[in-house]
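I have placed the structure first, in the form of structure tokens, so that the comments after it can refer back to it.
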Number of protein chains: 2
Amino acid sequence: MPVVTETRVDFWQAHGINPDNCPVRQVLDHVSAKWPVLILMVLGGGPRRFNELLRALPDISKRMLTQSLRNLERDGIVRREVFDTKPPSVSYSLTELGQGFLPRVLALADWAETSMPRILAARDAYDRG
Amino acid sequence: MPVVTETRVDFWQAHGINPDNCPVRQVLDHVSAKWPVLILMVLGGGPRRFNELLRALPDISKRMLTQSLRNLERDGIVRREVFDTKPPSVSYSLTELGQGFLPRVLALADWAETSMPRILAARDAYDRG
DNA sequence: CCGGATCCCACTAGATACTG
DNA sequence: CAGTATCTAGTGGGATCCGG
């Protein structure tokens, strides 16, 4: 765990890294971009085909599923395999990188879940005041 | 670490929890909402005043700083203290909850930073192909 | 010094229809 | 089966001005 001071922010500034071009943030964006985490959780259970994912995430549109999968694939987190059978089938699975990513995302989600009572209490207090 | 299967997704479905109302996601949104993480990192160095934060994050607008701070305050992650001096001054700092949140966010950021070479390589390969 | 209020544009994502 | 294309309403965030 790094020491947390303004030092790192200073470093970023010095190297022209801003919130818009920071590659780390682009990865972190997968965390809260609405669908990626859910997709990764399903894929954590093993490889899935496109329509299986579609059925597993009832509210997602084909468009968003495609887009999210492409982003994850581009970052090497998800692997896409095409079998040119008839009809064609495509399999999505976690790469090794993705298997290292998922637990850390879930760890954060678990903290959020554990802390939820305190957070909801804080919100309640804030909204009253 | 929980077992990762579709079970949890099923649980969510069964309880009517979807990506739009899921409270956990609302917390995770702080992670990638562009500014909150940077704000937390600066506050990790100790309490800061509004304009100090403004100077520490060169590209942020007053509007976004205010908004981000309000969100974090509402969730009990950041504490806001007003001293009615002349001119008025406001101090922002991490709550106990925020101090528990920050390391986990940084842990994820560190993974992203460590994995960045592999991710960039994956992107490069993807963009060529 | 620390914001709130307003205007406005750019991007996002849902719906729908179509394809190899 | 596994997507793409197009259209459109809704939203987020910058710029700017105002106030306690």
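Residue numbers start from 1 in every chain, and the chains themselves are labelled A, B, ... in the order their sequence lines are given, proteins ahead of strands. Everything quoted here is computed from the prediction, not taken from an experiment.
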Checklist entry - Between C:dG14 atom C1' and A:Leu57 atom CG, what is the distance in whole Å? => result 16 Å

Item to check | B:Met64 CE - D:dT16 P separation (whole Å) | outcome: 17 Å

Checklist outcome for this item: Ranking D:dA2, C:dA13, C:dG3 by distance to the side chain of B:Thr66, first place goes to C:dG3

Checklist entry - Atom CD1 of B:Ile60 and atom P of C:dG3: how far apart are they, to the nearest Å? => result 12 Å

Next on the checklist: What's the closest nucleotide to the side chain of A:Tyr92 if the choices are D:dA2, D:dG3, C:dC2?
Outcome noted: D:dG3

Checklist entry - For the hydrophobic clusters of this structure (ILVMFWY residues joined by side-chain heavy atoms under 4.5 Å, transitively), does one cluster hold both A:Val82 and A:Leu94? => result yes

Checklist entry - So, are B:Arg25 and B:Asp29 salt-bridged, with charged N and O less than 4.0 Å apart? => result no

Next on the checklist: Of the listed nucleotides (C:dC1, C:dG14, C:dG3), which one gets closest to any side-chain atom of A:Lys34?
Outcome noted: C:dG14

Next on the checklist: Heavy atoms from C-beta onward define the side chain here; which of C:dG3, D:dG3, D:dC1 lies closest to that of A:Lys62?
Outcome noted: D:dG3

Next on the checklist: Side-chain N or O of A:Arg48 versus OP1/OP2 of D:dA2: is the shortest distance under 4.0 Å?
Outcome noted: no

Checklist entry - Rounded to the Å, how far apart are B:Lys86 NZ and D:dG19 P? => result 19 Å

Checklist entry - Is any side-chain N or O of B:Arg80 closer than 4.0 Å to OP1 or OP2 of C:dC2? => result no

Checklist entry - Side chain of B:Asn51: nearest nucleotide among C:dG3, D:dG3, C:dC2? => result C:dC2

Item to check | Rounded interatomic separation in angstrom, taking CG from A:Leu65 and P from D:dG3 | outcome: 8 Å

Next on the checklist: With a 3.5 Å cut-off and heavy atoms only, can you find an N or O donor on one side and an acceptor on the other between the side chain of B:Arg63 and the base of C:dT6?
Outcome noted: yes

Checklist entry - Taking only side-chain nitrogens and oxygens of B:Ser61, does any of them come within less than 4.0 Å of OP1 or OP2 of D:dG14? => result yes

Checklist entry - Does OP1 or OP2 of C:dC2 have a side-chain N or O of B:Arg55 closer than 4.0 Å? => result no

Next on the checklist: Without decimals, in angstroms, what is the distance between A:Gln67 CD and D:dA5 P?
Outcome noted: 13 Å

Checklist entry - What pair of heavy atoms forms the shortest contact from A:Asp75 to A:Gln26, and how long is it? => result OD2-O, 4.5 Å

Next on the checklist: In this structure, how many angstroms lie between the C1' atom of D:dA2 and the CG atom of A:Asp84, rounded?
Outcome noted: 13 Å

Checklist entry - When you measure from the side chain of B:Arg49, which nucleotide among C:dC1, D:dA2, D:dT4 comes out closest? => result C:dC1

Item to check | Rounded distance in Å - CD (A:Glu81) to P (D:dG3) | outcome: 13 Å

Item to check | Validation row: B:Leu43, B:Leu53 side chains within 4.5 angstrom (heavy atoms) | outcome: yes

Checklist entry - So if you build clusters from Ile, Leu, Val, Met, Phe, Trp, Tyr with side-chain heavy-atom gaps below 4.5 Å, do A:Tyr126 and B:Leu65 land together? => result no

